[in-house]
J.: 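What follows is a single structure, and I will ask about it in a moment.
For the numbers below, each heavy atom of this structure counts, side chains included, while hydrogens, waters and symmetry mates do not. Computed from a prediction, not measured in an experiment: that's the story for all the values here. In what follows, chains are A, B, ... by sequence order, proteins preceding strands, each numbered from 1.
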Amino acid sequence: MDSSVIKVSCGALTASDAGKSVEFNGWVHRRRDHGGLIFIDVRDRSGITQVTFDPADAETFARAETLRSEDVVRVAGQVRRRPPGTENPKIATGEVEVPAAELDILNRSLTPPFVIASDEEPAEDVRLRYRYLDLRRPRMQRNLTLRHKLVKAIRDFFDDNDFLEIETPDLIKSTPEGARDYLVPSRVHRGTFYALPQSPQILKQILMIGGLGRYMQIARCFRDEDPRADRQPEFTQVDVEMSFVRQDDVIAMMEASMRYVWQRVLNEAIPDPLPRLTYAEAMRRYGSDKPDLRFDLELVDVADAFKGSGFGLFAALAEHDGNRVIALRYRGGASLSRREFDALTDVARSFGAPGLAYVSFFPNENKGSIGKIITTEIRSALKRATGAHDGDALLFVAGQSKSATDIAGRLRLEIGDRLGLRDASKFAFCWVLGFPLFERDEETGEITFSHHPFTAPLPGQEALFDTDPLAITAQHYDLVLNGYELGSGSIRNHQPEFQRKVFKRLGLTDEQIDDRFGFFMEALSYGAPPHGGMALGIDRIAMIAAGETNIRDVTAFPKNQQARDVMMDAPSTVPQKALEELGLRIVQPPPA
RNA sequence: GGCGUUGUAGCUCAGUUGGUUAGAGCGCCGCCCUGUCACGGCGGAGGUCGUGGGUUCGAGCCCCAUCAACGUCGCCA
C-alpha cells in the first residue's frame, strides 16, 4: 500500500473525503447482492461504510460473492460520492461509498445465532451466552461508551480536586459482618482464606490515617448475595474518602462530582444544591428511604378524616398512633374500570396488603370500594388533604405504620409507572440524611448497625449510647437518583476509644474486636484524623444515565441471576490437583 | 427458600373451544438480478411445542411434577 493511503474508521468518511485513497477494517454488517453489483456495509464501532463491488474486477468480485454476515474484512479503495439520488441520509457516511480496489477476507464467521444488524432484541440468556456478538450491537456499544465517559469524567473531577486514585488490594482479610464474603483459599497458608472486599472501607480509612488526605478509587467490590436487576455479585464503585471534613463537606464534594459529570457527559444541569430529605421525612412522604422524586405524588395521612366516623376499620386504626391511614392520589383514576382497580388490588396484595380500598370522585358522587361510606364531610376532608379533584381516585393503605408505609411507597411507584411519570430521560437526585445509627434486628432482637460499624453519631448524642441507642442519629447520608440508592457515606469514628465503644454496644467482646479489627483499632490509635467519605455505584449511575433498567446492560460481562457467567460457564469445578494443593476436599461433589 | 411472568424453527413471535400434515417474519441454503441500503424475485431446508408423567378416541392447548431464564420478596454492614 502506498503512503498516500489513509487508514480510516468505518464511520468517518464524508463528502469532503471524496477522491481520497483509504483503507479500513470491519465486519460485514449487511450484504446486498444484485447479481451484477454487490453492496457490502462494513461496520466497526464508529459506524458503517458502504463498499461496492463491480464485476469488472472479476477476481475481487468473486470473493465478495462469498462474503457473509460478520465476516471480517479489510477494504481499500478511493472514496467517491454516491451517484445523485442514491445517497442514504440515514447514516453519517451516506453521501459516499468506496468501490473496492482491494478486499482481504481476514476471517470468516459462523452464521450468528442472532442478527447483529437487526432491531430485534434477542432474549437475555442468548445475549449473555454470545456476549461477544451482543457487544457488537448498537445498544451495548452506546452503553459501554457512555460508561467510559462517565468514569473518565469522575476521574477528571476528583483529579481536579486534588484527590489521589490509590489501588487497594482485592485479597484482604474477611471481616465477618454484613454481606457474605467471596473467599479465596490460600495455597501458601493452607486452611486459611482471603476475602474479596465488599468495599475498601477499612483500607480507605487507613489511607486517611496514612496521611493521604483525599483518596478516590474506581473500585471493584464483591458480595456473595443473590443478584437483582440493580445488583451484581461484583460491581464497581467510585470510592471516596476525605480527611478533616464534616458531613456537609463530603456532601458538597460528592454532589459537585455528579453535577460535573451530568453536565459534561449528558449536558444536563442538575440542581445546586440538591434537595435533602430526612430519613423520617422520606419514609413518611414517599414510603421509601430512596424516593423517586421524578414525580411529586406523596403519601398523605388521612386518619383524621376518618376519626370518629362510622367506617369501622379506618376509624379504629385512626385511634392508635402506631398506625397509618394513607391516601394516594391517582390522577384521572376515576376513569379506571373495575377490572383495572382489581388489577391494582392484586398488585397491592403482592406487596403484602390485605386488600385495597379506593374511592373515585365524580361531581356530587363517590364510587369505588368504599365510595358508599364516604360522607360529604369525609369527602371534602380527603380532597383538601390530598389535593384530589373530581375525576381522580384515592387509594388507601391502612395498618401498622411500618408495613402500611412500605406498601404505600411501592403502590406510589406503581401509580407512577402507570401514569408514565417515571421518565427515563429525567434525573431527580436527592440526599437522604438523618438515618438512625442502630436498628433492631427483627430476627434476633439484637441491636445492630444500620449502615456499618464505623459510622459516627451526630455530635452530642454519645450520651444516648447507654440509655436509648436506637434514638441516636448517624452522620450518614445516602445519595438517591430516580428511586435508586446510588450510594452511602458517613463521617467515621476516628477515636479508638469511641470505636471500641460502638463495637461493644453491638455486642462484640474485646477479644472479638481485637481478633477481627485489631489492626484497625491499632491504626486509629496513631493519630487518626477526623475523616469521612462515600461510595457511589458506577453500574447504577451508568444504568440510569443510559436510560436502562438493568445493570447487566451497562456491564460488559455480567453474571446472570444465578450468579453464573454463562459465556465462560463460571463458576466451575477445578482439577483435583488444584484442590489438593489448597488442602480442600469437596464434601458433596456436584452432580455430573 | 416464597411469589409472579415466560419457555413453540437459529432469532423474534402467532397458534381460536382439545381435532387433518404446527404457522409467520427475519436469518440460513440454491438459482436469478448493475444502484441497493430492512434490496428485490423464485425455490428449499429447518420443530422431542423446556423436560417427565397423567387425563382423553385425540394434547402445543387441560391436570400434576420438574427444569431454566427474567422480575420481585427474603438477603444485600
J.: Which whole number of Å gives the distance between the P atom of A14(B) and that of C62(B)?
T.: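 Pairwise P distance, A14(B) against C62(B), rounds to 15 Å.
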J.: Could one point to a donor on the side chain of R32(A) or the base of C33(B) with an acceptor on the other under 3.5 Å away?
T.: no
J.: What's the CZ-C1' distance between F61(A) and G35(B), to the nearest Å?
T.: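 Going from F61(A) (CZ) to G35(B) (C1'), I get 13 Å.
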J.: Can a donor-acceptor pair under 3.5 Å be found between the side-chain atoms of R80(A) and the base atoms of G35(B)?
T.: yes
J.: Take atom C1' in G60(B) and the same atom in C13(B), then report the distance between them in whole Å.
T.: 14 Å
J.: Between C3(B) and C39(B), how many Å separate the two P atoms, rounded to a whole number?
T.: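 Nearest-Å result for C3(B) against C39(B) at atom P: 47 Å.
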J.: With a 3.5 Å distance limit and no angle check, can you tell me whether D514(A) reaches the backbone of G518(A) through a side-chain donor-acceptor pair?
T.: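 Answer holds: no.
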J.: Measuring only between side-chain heavy atoms, which start at C-beta, is L196(A) closer than 4.5 Å to L171(A)?
T.: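 Heavy-atom side-chain distance check passes, below 4.5 Å.
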J.: Between R30(A) and C39(B), does any side-chain N or O lie under 4.0 Å from OP1 or OP2?
T.: yes
J.: C73(B) C1' sits how many Å from L411(A) CG, rounded?
T.: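 Roughly 16 Å, once rounded to whole Å.
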J.: Return the value, rounded to whole Å, for the distance between atom CD of E225(A) and atom C1' of U72(B).
T.: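 In whole Å, U72(B) C1' lies 16 Å from E225(A) CD.
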J.: Between H452(A) and F454(A), what is the ring plane arrangement, given parallel below 30°, perpendicular above 60°, and tilted in between?
T.: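 Tilted: the ring planes of H452(A) and F454(A) meet at 30° to 60°.
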J.: Using a 4.0 Å heavy-atom cut-off across all strands, classify N560(A) as base, sugar-phosphate, or nothing.
T.: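 Result for N560(A) = sugar-phosphate.
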J.: Assign E87(A) to base, sugar-phosphate, or nothing according to its heavy-atom contacts below 4.0 angstrom with the strands shown.
T.: base
J.: Under 3.5 Å, is there any donor-acceptor pair linking the side chain of E121(A) to the base of U12(B)?
T.: no
J.: Counting the atoms with a prime plus P, OP1 and OP2 as sugar-phosphate, which does R68(A) contact under 4.0 Å by heavy atoms, base, sugar-phosphate, or nothing?
T.: sugar-phosphate
J.: Taking only the P atom of each, what is the distance from U56(B) to C63(B) in whole angstrom?
T.: 16 Å
J.: Rounded to whole angstroms, how far apart are NE2 on H29(A) and C1' on A38(B)?
T.: 10 Å
J.: Please list, for nucleotides 3-9 of chain B, all pairs of protein and nucleotide N/O atoms separated by less than 3.5 Å.
T.:
none

J.: So what does A123(A) hit on the nucleic acid, given a heavy-atom distance under 4.0 Å: a base, only sugar-phosphate, or nothing?
T.: sugar-phosphate
J.: Side-chain N or O of R43(A) versus OP1/OP2 of C37(B): is the shortest distance under 4.0 Å?
T.: no
J.: Just checking F438(A) against F449(A), ring centres under 6.0 Å apart?
T.: no
J.: Atom CG of L128(A) to atom C1' of A69(B): distance rounded to whole Å?
T.: 10 Å
J.: With centres under 5.5 Å and planes under 30°, do H34(A) and U36(B) count as stacked?
T.: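 Taking the rule of under 5.5 Å and under 30°, the ring of H34(A) does not stack on U36(B).
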J.: Is R129(A) touching bases, backbone alone, or none of the nucleic acid, heavy atoms closer than 4.0 Å?
T.: nothing
J.: Would F435(A) and Y279(A) count as a close aromatic pair, with their ring centres under 6.0 Å?
T.: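 Ring centres of Y279(A) and F435(A) closer than 6.0 Å.
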J.: Categorize P83(A) for me: base, sugar-phosphate, or nothing, with a 4.0 angstrom heavy-atom threshold over every strand shown.
T.: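 The answer is base, as P83(A) lies within the cut-off (heavy atoms under 4.0 Å) of a base atom.
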J.: Which part of the nucleic acid does Q50(A) contact within heavy-atom distance under 4.0 Å: base, sugar-phosphate only, or nothing?
T.: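 Since a base atom lies under 4.0 Å of Q50(A), the category is base.
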J.: Classify the nucleic acid contact of R349(A) as base, sugar-phosphate or nothing, counting any heavy atom under 4.0 Å across all strands shown.
T.: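 If one applies the 4.0 Å heavy-atom cut-off, R349(A) turns out to touch nothing in the nucleic acid.
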J.: Taking only residues two or more places apart in sequence, or in another chain, which ones meet E414(A) in a side-chain hydrogen bond (donor to acceptor under 3.5 Å, both in side chains)?
T.: R418(A)
J.: Taking only the P atom of each, what is the distance from C26(B) to G41(B) in whole angstrom?
T.: 9 Å
J.: Does OP1 or OP2 of A69(B) have a side-chain N or O of R127(A) closer than 4.0 Å?
T.: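 Checking A69(B) against R127(A), no side-chain N or O comes under 4.0 Å of OP1 or OP2.
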J.: Please state whether the rings of Y182(A) and F222(A) are parallel, tilted or perpendicular, taking 30° and 60° as the class boundaries.
T.: perpendicular
J.: What's the gap between G2(B) and U16(B) when it is taken at their C1' atoms, as a whole Å value?
T.: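 To the nearest whole Å, 35 Å.
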J.: Could you give the CZ-to-C1' distance, from R228(A) to G74(B), as a whole number of Å?
T.: 8 Å
J.: Look at all strands and tell whether S118(A) reaches a base, only sugar-phosphate, or nothing, counting heavy atoms closer than 4.0 Å.
T.: nothing
J.: Give me the distance, rounded to whole Å, that separates A9(B) from G50(B) when you measure between the C1' atoms they each carry.
T.: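 That atom pair is separated by 15 Å.
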J.: Report yes or no: is the cationic atom of K501(A) (NZ for Lys, CZ for Arg) under 6.0 Å from the centre of the six-membered ring of F465(A), at an angle within 45° of the ring normal?
T.: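 Because its charged atom sits under 6.0 Å from the ring centre and within 45° of the axis, K501(A) does stack over F465(A).
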J.: Once hydrogens and angles are ignored, does a donor-acceptor distance under 3.5 Å link the base of G35(B) to the side chain of E97(A)?
T.: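 Indeed there is one.
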J.: Between Q562(A) and A69(B), is there a side-chain N or O to OP1/OP2 distance below 4.0 Å?
T.: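 Checking A69(B) against Q562(A), a side-chain N or O does come within under 4.0 Å of OP1 or OP2.
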J.: Are the side chain of S118(A) and the backbone N or O of E120(A) linked by a donor-acceptor pair below 3.5 Å?
T.: yes
J.: Does the side-chain ring of F114(A) lie flat on the base of C11(B), meaning centres under 5.5 Å and planes less than 30 degrees apart?
T.: no
J.: D226(A) has an atom CG; how far is it from atom P of A69(B), in whole Å?
T.: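 Answer to the nearest Å: 12 Å.
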J.: Counting distance alone, no hydrogens or angles: does the base of C76(B) have a donor or acceptor under 3.5 Å from a partner atom on the side chain of R231(A)?
T.: yes
J.: At 4.0 Å (heavy atoms only), tell me whether N550(A) reaches a base, stays on the sugar-phosphate, or touches nothing.
T.: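 Contact class for N550(A): sugar-phosphate only.
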J.: Ring of F235(A), cation from R540(A) - is the NZ or CZ under 6.0 Å from the centre and inside 45° of the axis?
T.: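 Negative - R540(A) is either too far from the ring of F235(A) or too far off its axis.
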J.: NA contact type, S199(A), heavy-atom cut-off 4.0 Å: base, sugar-phosphate, or nothing?
T.: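 Answer is base: heavy atoms of S199(A) come under 4.0 Å of a base.
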J.: When you compare G46(B) with G30(B), how far apart are their P atoms, in angstrom units rounded to a whole number?
T.: 16 Å
J.: Which pair of non-hydrogen atoms, one from E70(A) and one from W27(A), has the smallest distance, and what is that distance?
T.: O-CD1, 3.4 Å
J.: C39(B), OP1 or OP2 - any side-chain N/O from R31(A) closer than 4.0 Å?
T.: no
